[in-house]
Every structure is written in structure tokens, then in C-alpha cells.
Amino acid sequence: MVDLGINGVVLRTKSNTLGDVGSISVMGKTLDGWAAACMSAPVRTLDVSPVVNFGDKLRELVDRKNPITVVLYNDAPLVSHKTVESAVNKLIAEKSKMLALPRGFVFKTEYLADLETLYMQEPADTGEFSAVTDGESLSRITELVRRRILRYHARNGVRIADMYNTYIDCDVVIARGVTVEPNNFIKGKTIIKDGAAIMPGNYIEDCLIGSDTRIDSSRLYGSSIGSGTRVGPFAYVRPDSVVGKNCRIGDFVELKCCVIGDGCKVSHLSYIGDAELGKDCNVGCGVVFANYDGKNKYKSVIGNRVFIGSNANIVAPVNIADRAFIAAGSTITKGVPEQALAIARARQTMIANWQGNKFAPPPVEDPRAGGNARAFGFVQFSDGIIDGTASAAHNDGTEAAEPEINYGGIINAAENRNDD
């Protein structure tokens with residue numbers, strides 16, 4: 001913007017179909033915000049109506065110390081900083097008192113003192129000043145804003161594979177050399193550092209993604225992911241989680257309010273909530289950190305190089321010291337000292353000929369066995385019978401003859417040629 005004091009005023013409009021237009025968010029910024037951003041000056045807002053003169057209210061709103069006043073509508077988010085600057089320069093060069101834009105005005109501030117009436121302009125439908133008036137125009141203008149953001153990142157060295165199916169909010173910061181595959185939604189104040197690979201199908205909001213990190217088909221909210229870490233596919237990282245460097249957060253892993261130290265591996269099907277893990281820990285498949293008792297939530301602290309076996313339950317609050325080993329299937333409710341093996345599971349018991357399984361099929365009479373006892377066997381046929389009561393042709397131990405197949409007159413020449 002030119003080096004002059006400027007009053008920025010955003011006129012807030014309403015739509016019969018959309019209501020309060022200014023509060024609608026387009027690619028991470030409200031329409032009020034888009035109108036204010038292109039003026040690069042302190043901005044005030046003024047509610048206007050098509051049938052009401054707003055000249056008096058505008059005079060009361062502006063600071064007369066600033067020689068120029070720029071007035072824009074909040075329903076025209078495509079107006080650029082360059083366009084506003086050109087309009088201000090033109091007003092100064094032509095020594096005009098007022099310059100009417102397709103959807104806005106540029107005034108000499110002193111001229112506003114003599115301005116008696118000022119009414120809303122009709123919405124424009126072409127170019128930068130196109131207005132959001134209904135759902136169709138909102139969708140069309142949103143697409144133009146989206147493509148403008150993607151072009152900005154592409155020109156700065158971000159590798160965007162598909163410009164048609166990538167959605168990046170306006171405040172997202174992406175370093176040069178980052179790869180963004182299709183079907184990604186990158187929202188809010190997200191920062192992605194150099195060398196990261198954002199694979200297809202992610203939703204990332206308000207996150208810090210470290211260098212050389214790979215995110216695959218996952219959802220991340222309000223969290224930090226360290227450099228060299230692999231997340232996904234289908235991981236769920238909830239807010240206030242911190243994942244260290246060179247970690248592995250695998251498929252169907254959920255993290256919530258936790259700290260994962262450098263080098264940790266949580267490979268699949270686990271939940272870690274309200275916990276702090278040290279470095280180089282291994283969390284097996286099916287591990288659950290039980291952090292909630294129905295009323296309060298508790299924290300667990302895990303040391304360095306701890307191994308937690310598959311299907312273990314860590315019942316918070318509990319502390320597990322460095323290099324401890326949690327046996328698979330254990331439920332841990334007490335602290336585990338350093339380099340100890342913790343086993344907390346019932347001894348296996350075998351009860352022969354148990355009749356309490358109500359899901360097992362009832363025995364059926366087998367004339368070959370001479371009594372009611374009959375072995376339960378699966379039958380591998382497409383008739384859906386799997387309970388040992390298949391037809392005699394399928395279950396009598398003999399093989400049925402192969403059905404004759406009509407090949408529609410096509411004869412295998414190799415089988416029918418005369419080799420004599």
C-alpha cells in the first residue's frame with residue numbers, strides 16, 4: 001500500500017438466502033476478514049442496508065487525520081491488495097475527491113464532510129468485485145480463492161499433485177519442497193516444514209509437521225509431529241499431542257493429550273490418552289491407556305525404552321520406569337520399577353467337555369456312529385451350510401461327480417486334435 005494514512009471500512013451486508021454474509025468462512029478466513037486483508041490498514045466495520053443512507057454513519061466512523069478512506073463490501077473477497085493500491089494511486093494522481101469501484105469506493109477523507117447521501121451499490125457478478133449473494137456464487141468464489149492459494153504455494157516450490165482436489169487454507173505455511181498429494185484438507189494455522197510428504201486423504205488442522213515427515217490418510221488436530229516421523233494410515237491424533245522425532249504412529253492408532261518421545265513405535269490398533277512416553281518405547285498391538293474412571297481423567301508416565309506387549313491395559317495413574325517390560329495381555333494398575341518384567345493376567349484354566357457354550361450347535365444323531373454323538377465339521381461349499389447338517393452328497397465323505405459344462409460349442413483344439 002502507498003505510504004499514506006488510510007481509513008479502511010468494511011461494509012457488512014446480508015443476503016436473503018445466506019443471512020449474515022460476513023461471518024461465512026472461505027478457505028480459512030471470514031468474508032469480513034478477506035475484505036479487511038486487502039486494505040493493509042486498520043479496519044472498521046459498518047452494517048448497511050440497500051434502502052438506508054449510510055453517509056452520516058461513515059463520516060462518524062473514519063479518522064479525519066488519515067487523508068484517504070477506502071470502503072469495500074464484505075461480500076467481495078476476490079479484491080486484491082494490488083487492486084486497492086492502484087485505486088488509491090489513481091485517486092491521488094487525478095486529484096479526485098471520490099473514485100467509485102464496481103463494489104466499493106475510495107474517498108478523500110475531507111470530501112466525506114460534504115457528502116450528504118451514500119447508498120449501497122448493486123452487487124457485481126464479474127471479475128475481482130464479484131459478490132457473494134447466494135449458495136451458487138459462494139461456491140464459485142470459494143473455488144477461485146482456493147485456486148489462488150494453491151497457485152501461491154506452487155510458485156513457491158510446493159509440489160501439488162492435483163490442483164483440483166487439494167484444499168489449503170489461507171494461513172497455512174508450507175516450505176519449499178513439500179509434496180502434497182490429492183484429497184488433502186490442510187486447515188487453520190498449520191505449518192509444514194521442508195521435505196515432508198502429505199500423502200492422499202489427510203485432514204490436518206492447526207498442526208506443526210516437521211521436516212521429512214510422512215502423513216498418510218490420517219486426521220490430525222492441534223498437535224506437533226517431529227521430523228522423520230511416520231503417521232498413518234488411518235491414525236487419529238487429537239489436540240494437544242506432541243510426537244517426537246523418528247517415531248512410528250501406525251494404522252488405527254489414536255493419540256490424545258499425550259507426549260510421545262523420540263524413536264517410539266506405536267504401530268497399530270492402540271489408544272494412548274493423557275500419557276507421557278519417554279524415548280525408544282514400543283507399544284504393541286491393542287494396547288489401551290485407561291485414563292478415565294467415569295468422572296476424572298488421570299495421567300500415566302512411561303520411561304525410556306519401555307516395551308509394552310500386545311493387548312495390555314495401562315490403568316492410570318501409573319508410572320512405568322525405564323526399560324521395563326509389560327507382558328502381553330497384562331492389566332497394569334501399579335507402578336513398575338526399572339528393568340522389571342510385569343505380568344498381570346490370570347493363569348489359563350482348561351475345563352474339558354464344557355456344556356455352557358450356548359452358541360455351539362446342538363449334537364445331532366449320526367446313524368453311522370450308532371448314537372447321538374456326532375463330530376462338528378465345516379463344509380466348504382457355496383450352499384451356505386457350515387453346521388455339519390449338509391446334504392448326504394456333500395457330507396458323506398464321497399466326492400460328487402464333476403458337473404458337465406457346456407462351453408457354448410467351443411472345443412479345445414489341443415484335446416481334440418488327431419495326433420495319430
Side-chain angles (χ1 to χ4, degrees), residues 216 218-220 223-226 228-354 356-360:
D216 187 3
S218 298
R219 286 182 170 264
L220 293 81
S223 297
S224 174
I225 310 297
T229 289
R230 301 291 181 265
V231 177
F234 315 122
Y236 182 21
V237 182
R238 293 166 60 183
D240 301 321
S241 294
V242 178
V243 180
K245 301 177 182 178
N246 302 312
C247 293
R248 174 76 175 95
I249 308 299
D251 52 290
F252 303 105
V253 170
E254 180 177 349
L255 306 180
K256 177 256 178 185
C257 289
C258 60
V259 177
I260 307 296
D262 296 346
C264 287
K265 295 180 181 179
V266 189
S267 294
H268 38 214
L269 299 163
S270 296
Y271 169 71
I272 302 179
D274 296 297
E276 181 178 334
L277 275 66
K279 297 181 179 180
D280 301 316
C281 293
N282 185 90
V283 178
C285 178
V287 171
V288 173
F289 279 66
N291 59 329
Y292 184 50
D293 65 359
K295 182 178 181 181
N296 299 307
K297 294 185 179 180
Y298 301 93
K299 181 178 180 180
S300 295
V301 178
I302 314 300
N304 299 321
R305 301 185 64 82
V306 171
F307 187 98
I308 302 178
S310 297
N311 203 35
N313 297 305
I314 310 300
V315 182
V318 68
N319 291 346
I320 300 176
D322 295 351
R323 302 186 304 281
F325 194 108
I326 308 301
S330 296
T331 297
I332 303 300
T333 59
K334 300 178 181 179
V336 179
E338 184 174 329
Q339 204 163 343
L341 168 63
I343 304 175
R345 59 193 182 203
R347 188 182 300 274
Q348 183 170 323
T349 302
M350 304 294 290
I351 302 176
N353 300 317
W354 184 57
N357 185 358
K358 64 181 180 180
F359 297 103

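Everything numeric in this text was worked out from a predicted model, so none of it was measured.
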(request) To the nearest 0.5 angstrom, please state how far the CD1 atom of I314 sits from the CD1 atom of I308. (result) 4.5 Å
(message) The criterion is ring pair (Phe, Tyr, Trp, His ring centres under 6.0 Å); which residues satisfy it with F325, sequence neighbours excluded?
(response) F307
(message) For the CG atom of L255 and the CD1 atom of I249, what is their distance to the nearest 0.5 Å?
(response) 5.0 Å
(request) Hey, could you give me the CD/CZ distance between Q339 and R323, rounded to the nearest 0.5 Å? (result) 5.0 Å
(message) Among residues at least two apart in sequence or on other chains, which ones pass side chain to side chain contact (heavy atoms under 4.5 Å, CB included) with A321?
(response) E338
(request) Can you sort out the partners of A327 under side chain to side chain contact (heavy atoms under 4.5 Å, CB included), two or more places apart, ordered by chain and number? (result) S330, L341, I343, R345
(request) Would you give the length of the straight line joining atom CG of D280 to atom CG of D262, rounded to the nearest 0.5 angstrom? (result) 8.0 Å
(request) Applying side chain to side chain contact (heavy atoms under 4.5 Å, CB included), run through I326 and V287 and close with a yes or a no. (result) CA-CA 11 Å; I326 308 301; V287 171; over 6 Å; no
(request) Give a yes or no on whether the backbone of G284 and the side-chain of S267 come within a donor-acceptor separation of less than 3.5 Å. (result) no
(request) Any chance you could measure I260, atom CD1, to C258, atom SG, to the nearest 0.5 Å? (result) 4.0 Å
(request) For D274, check salt bridge (Lys or Arg N to Asp or Glu O under 4.0 Å) against everything at least two apart and list the hits. (result) K256
Show which side-chain atoms of residues 232-246 pair as donor or acceptor with protein atoms under 3.5 Å away, not counting sequence neighbours.
| from | atom 1 | to | atom 2 | distance (Å) |
| --- | --- | --- | --- | --- |
| R238 | NH1 | E254 | OE2 | 2.7 |
| S241 | OG | R238 | O | 3.1 |
| S241 | OG | C257 | N | 3.3 |

Please tabulate, one pair per line, all N/O donor-acceptor pairs under 3.5 Å involving side-chain atoms of residues 297-306, not counting sequence neighbours.
| from | atom 1 | to | atom 2 | distance (Å) |
| --- | --- | --- | --- | --- |
| Y298 | OH | D293 | OD2 | 3.2 |
| K299 | NZ | E276 | OE1 | 3.1 |
| N304 | OD1 | K279 | N | 2.7 |

(request) Locate the shortest heavy-atom distance separating V283 from S270; write the atom from each residue and the value. (result) CG1-OG, 4.1 Å
(request) Kindly compute the distance separating SG (C247) from CG (L277), expressed to the nearest 0.5 Å. (result) 9.5 Å
